[in-house]
Amino acid sequence: MDFPVLHDWSLAPAEAIALQRQLAQCVLLQDTSPRPIKTIAGVDVSCRLHGRRFHAAVVLLGFPGMQLLETVTASLDIDFPYVPGLLSFRELPVILQAAEKLQRSPDLLLVDGQGLAHPRRFGLACHLGLWLDLPTIGCGKSRLYGEHDEVGDEKGAQTPLRDKDGEEIGSLLRTRNKVKPLYISPGHRVSLASATELALACCTRYRLPEPIRAAHAACNRQRLLDEDSA
DNA sequence: GCGACAG
DNA sequence: ATCTTGTCGC
């Protein structure tokens with residue numbers, strides 16, 4: 001894949017917050033992915049506890065069959081601290097290095113983390129989508145921001161996630177019976193309704209959507225390989 | 001001031 | 001996120 005540089009990464013946390021407010025203005029909440037969707041990518045990052053070496057994987061799967069088509073990885077040392085709300089400044093650099101290696105461009109990317117459901121409406125999925133100028137959806141395993149009611153028990157049940165003013169910013173989605181729901185929100189170029197619908201369409205028998213499961217396994221393998229060769 | 005806080 | 005094995009429950 002090929003994409004231009006949106007900005008540099010030599011930022012302090014306070015500057016990163018200001019940049020998020022700027023970039024959030026560019027996020028598009030409309031569906032622009034080609035129909036029918038033929039490929040969906042999964043993105044995830046792995047690192048050691050208190051370590052600064054990060055390992056990313058981007059896997060390309062066919063849709064709706066979920067066949068593995070391509071796997072790319074990258075490893076990079078990161079010094080930006082973990083600050084809730086600034087996750088993309090830790091994870092995005094290594095993700096972009098991996099994404100560059102992808103031969104084909106996906107119709108959509110599923111990201112492990114939040115999209116719109118963020119205090120400044122600019123989670124990791126938004127940042128990645130804007131940088132690649134591709135449709136993205138955030139699939140968080142726990143809550144960063146937003147209020148909601150309980151979700152139904154059955155797979156497919158969902159309830160809206162709203163900000164303090166009641167505006168919808170995502171949804172809680174039960175991706176399988178008797179598991180904690182996922183926090184789904186649009187990243188870029190995807191509508192609220194489509195984000196939930198597409199995330200569910202990628203779920204088989206596990207809590208996490210198949211593209212993210214595959215990416216999770218791949219970045220962990222990459223970490224072992226990188227640690228082994230060092 | 002206190003609690004919350006993606007990965 | 002990660003440290004870690006087996007184990008209890010649907």
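Computed from a predicted model, the values in this text were never measured in an experiment. Chain identifiers are assigned alphabetically (A, B, ...) following the order of the sequence lines, protein sequences preceding nucleic acid strands; residue numbering begins at 1 within each chain.
Cluster annotation: A:Leu208 is not connected to A:Val151 through the hydrophobic network of ILVMFWY side chains, with a link wherever side-chain heavy atoms come within less than 4.5 Å. Residues A:Leu108 and A:Ile212 fall within the same hydrophobic cluster, defined by Ile, Leu, Val, Met, Phe, Trp and Tyr side chains chained together at heavy-atom separations under 4.5 Å.
The CG-P distance, from A:Leu224 to C:dC3, rounds to 9 Å in whole Å. Rounded to an integer number of Å, the gap from A:Arg52 CZ to C:dA1 C1' is 17 Å. The distance from atom CG of A:Leu208 to atom C1' of C:dA1 is 14 Å, rounded to the nearest whole Å.
At the phosphate of C:dA1, neither OP1 nor OP2 sits under 4.0 Å from any side-chain N or O atom of A:Arg223. The side chain of A:Asn220 places no N or O atom within less than 4.0 Å of a non-bridging phosphate oxygen (OP1 or OP2) of C:dA1.
Taking 4.0 Å as the cut-off between side-chain N and carboxylate O, A:Arg162 and A:Glu167 do not count as a salt-bridged pair. A salt bridge does not link A:Glu227 with A:Arg53: none of the charged nitrogens is closer than 4.0 Å to a carboxylate oxygen. The residues A:Lys178 and A:Asp153 are annotated as not salt-bridged, no charged nitrogen and carboxylate oxygen being separated by less than 4.0 angstrom.
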Fill in: Watson-Crick or G-U pairs under 3.5 Å in DNA chain B, rendered as dot-bracket with [ ] for crossing pairs and | for another strand
.......
Practice prompt. Using the salt bridge (charged side-chain N to carboxylate O under 4.0 Å, His left out) rule, take A:Asp107 and A:Lys38 through it: C-alpha gap first, then chi angles, then the decisive distance, then the call.
Written response: CA-CA 7 Å; A:Asp107 293 331; A:Lys38 293 182 177 175; over 6 Å; no
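Atom CZ of A:Arg35 sits in a crowded spot, with more than 12 heavy atoms from other residues, nucleotides or ligands closer than 6.0 Å.
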Could you list, one pair per line, each protein nitrogen or oxygen that sits under 3.5 Å from a nitrogen or oxygen of nucleotides 5-7 of chain B, together with the distance?
residue	atom	partner	partner atom	Å
B:dC5	OP1	A:Arg143	NH2	3.4
B:dA6	OP2	A:Tyr82	OH	2.5
B:dA6	N7	A:Gly85	N	3.1
B:dA6	N6	A:Gly85	O	3.0
B:dA6	N6	A:Leu86	N	3.3
B:dA6	N6	A:Leu87	N	3.1
B:dA6	N1	A:Leu124	N	3.1
B:dA6	N3	A:Gln114	N	3.1
B:dG7	OP1	A:Lys141	N	2.7
B:dG7	OP1	A:Lys141	NZ	3.4
B:dG7	OP2	A:Ser142	OG	2.9

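Side-chain atoms of A:Thr159 and A:Glu150 form no donor-acceptor pair, as typed in the model, at a separation below 3.5 Å.
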